[in-house]
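Just so it is clear, the model here is predicted, and its values are computed rather than measured.
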Amino acid sequence: MKGAIKVANKNIKRILRKTVDNHRQWHEKLPFALLGYQTTMRTSIGVTPYMLVYDSEAVIPAKVEILFLRVIQEAKLDDAKWIRVMQEQLMLIDEKGMDAVCHGKLYQNRMASTFNKKVKPRQFTPGQLVLKKIFPHQEEAKGKFAPSWQGPYVVHRELLGIALILAEMDGRVNTNPINLDVIKRYYV
């Protein structure tokens, strides 16, 4: 959630930079920047953020007044018909939400396949030399200029293509498996 808020804030700042001449009048343009951000279609979900929150598209006040007058004129509905109309509207809201979810899933799948085209599978064979990443919480991580990798280690065994069992250079085997994401080849 924090990531989404940071992205939204970054986009609103970008809109303000384009609309504000000097830094002193940004508060006057903020409502317009927010409206612009909330009513702009997002590729990732296929709808506007306003639509997701309020289940309807944003309209300017003049359109609201005209629509309100039209509703007042057409208010000569009996209770059964009014209930049916409301149920149809609720079904449309659910349908729009489902459309946004489906569009979001399709977008995620497209992004994942685009990303995965560039990923090269890494395979390790027993006997190869590798380095293991040092994480900040480990005692080996001692400041800004400390090394980021430790080793070399020897690959003892590969587990299902997702983890390795490593051995020290002197032949002692570590029993804890290590994730492939934190291993890289060591070239002598």
Side-chain angles (χ1 to χ4, degrees), residues 1-20 23 26 30 33-34 36-53 55 93-188:
M1 187 64 174
K2 287 182 184 179
I5 293 170
K6 285 183 181 180
V7 170
N9 286 342
K10 180 181 74 169
N11 288 332
I12 292 168
K13 283 184 197 175
R14 188 178 332 126
I15 293 169
L16 283 172
R17 271 192 224 109
K18 290 180 181 179
T19 57
V20 173
H23 297 295
W26 69 269
L30 182 61
L34 289 172
Y37 179 76
Q38 292 170 348
T39 58
T40 302
M41 181 80 69
R42 299 284 171 261
T43 305
S44 60
I45 54 177
V47 294
T48 64
Y50 188 93
M51 175 71 168
L52 283 179
V53 173
D55 289 327
I93 289 170
D94 290 341
E95 193 174 306
K96 288 177 184 177
M98 288 304 294
D99 285 347
V101 168
C102 291
H103 189 83
K105 281 292 185 191
L106 289 172
Y107 181 76
Q108 285 177 344
N109 291 342
R110 266 197 336 258
M111 295 302 288
S113 66
T114 302
F115 175 78
N116 290 335
K117 285 179 186 175
K118 298 177 184 177
V119 174
K120 296 178 184 174
R122 298 186 309 155
Q123 295 181 348
F124 296 96
T125 56
Q128 281 183 329
L129 294 178
V130 294
L131 296 174
K132 182 171 70 168
K133 185 161 185 60
I134 299 174
F135 291 103
H137 62 81
Q138 291 176 310
E139 58 189 53
E140 291 89 357
K142 295 180 180 149
K144 188 179 204 173
F145 300 108
S148 301
W149 298 89
Q150 68 187 94
Y153 295 96
V154 178
V155 175
H156 180 70
R157 190 173 66 169
E158 186 173 3
L159 303 173
L160 302 173
I162 58 171
L164 296 176
I165 299 290
L166 300 179
E168 300 284 338
M169 293 299 288
D170 61 7
R172 289 182 291 134
V173 177
N174 296 335
T175 58
N176 295 334
I178 305 294
N179 195 329
L180 280 178
D181 293 342
V182 297
I183 300 293
K184 73 176 182 178
R185 286 274 314 265
Y186 178 70
Y187 298 97
V188 181

For this session: Rounded to the nearest 0.5 Å, what's the gap from OH on Tyr187 to CD on Gln128? Could you check?
Result: 8.0 Å
Problem set entry | Residues Ile183, Leu166; criterion side chain to side chain contact (heavy atoms under 4.5 Å, CB included); working and verdict | CA-CA 10 Å; Ile183 300 293; Leu166 300 179; 3.9 Å; yes
Exercise. Is there side-chain contact between Leu30 and Leu16, with at least one heavy-atom pair below 4.5 Å?
Worked result: yes
Problem set entry | Side chains of Val173 and Arg157 in contact at under 4.5 Å (non-hydrogen atoms) | no
Problem set entry | Distance-minimising heavy-atom pair for Glu168 and Tyr153 | OE2-CE2, 3.5 Å
Exercise. Between Ser148 and Ile134, is any pair of side-chain heavy atoms under 4.5 Å apart?
Worked result: no
Exercise. Nearest heavy-atom pair of Ile15 and Ala33: which atoms, and what distance?
Worked result: CG2-CB, 3.6 Å
Seminar exercise, completed: When every non-hydrogen atom of Lys133 is compared with those of Trp149, the smallest separation belongs to N-CE3, 3.2 Å
Problem set entry | Asn174 side, atom CG; Arg172 side, atom CZ - distance, nearest 0.5 Å | 7.5 Å
Exercise. Given side chains that start at C-beta, do those of Lys105 and Gln108 come closer than 4.5 Å, heavy atoms only?
Worked result: yes
Problem set entry | Spatial distance of atom CG (Leu180) from atom CD (Gln123) [nearest 0.5 Å] | 10.0 Å
For this session: Please tell me if the side chains of Lys184 and Arg122 come closer than 4.5 Å, counting only heavy atoms from C-beta onward.
Result: yes
For this session: Locate the shortest heavy-atom distance separating Pro177 from Leu159; write the atom from each residue and the value.
Result: CB-CD1, 3.7 Å
For this session: With the side chain counted from C-beta on, respond yes when Leu129 and Met169 share a heavy-atom pair under 4.5 Å apart, and no when they do not.
Result: yes
Seminar exercise, completed: Interatomic distance, CG@Asn179 vs CG@Asp181, rounded to 0.5 Å, equals 4.5 Å
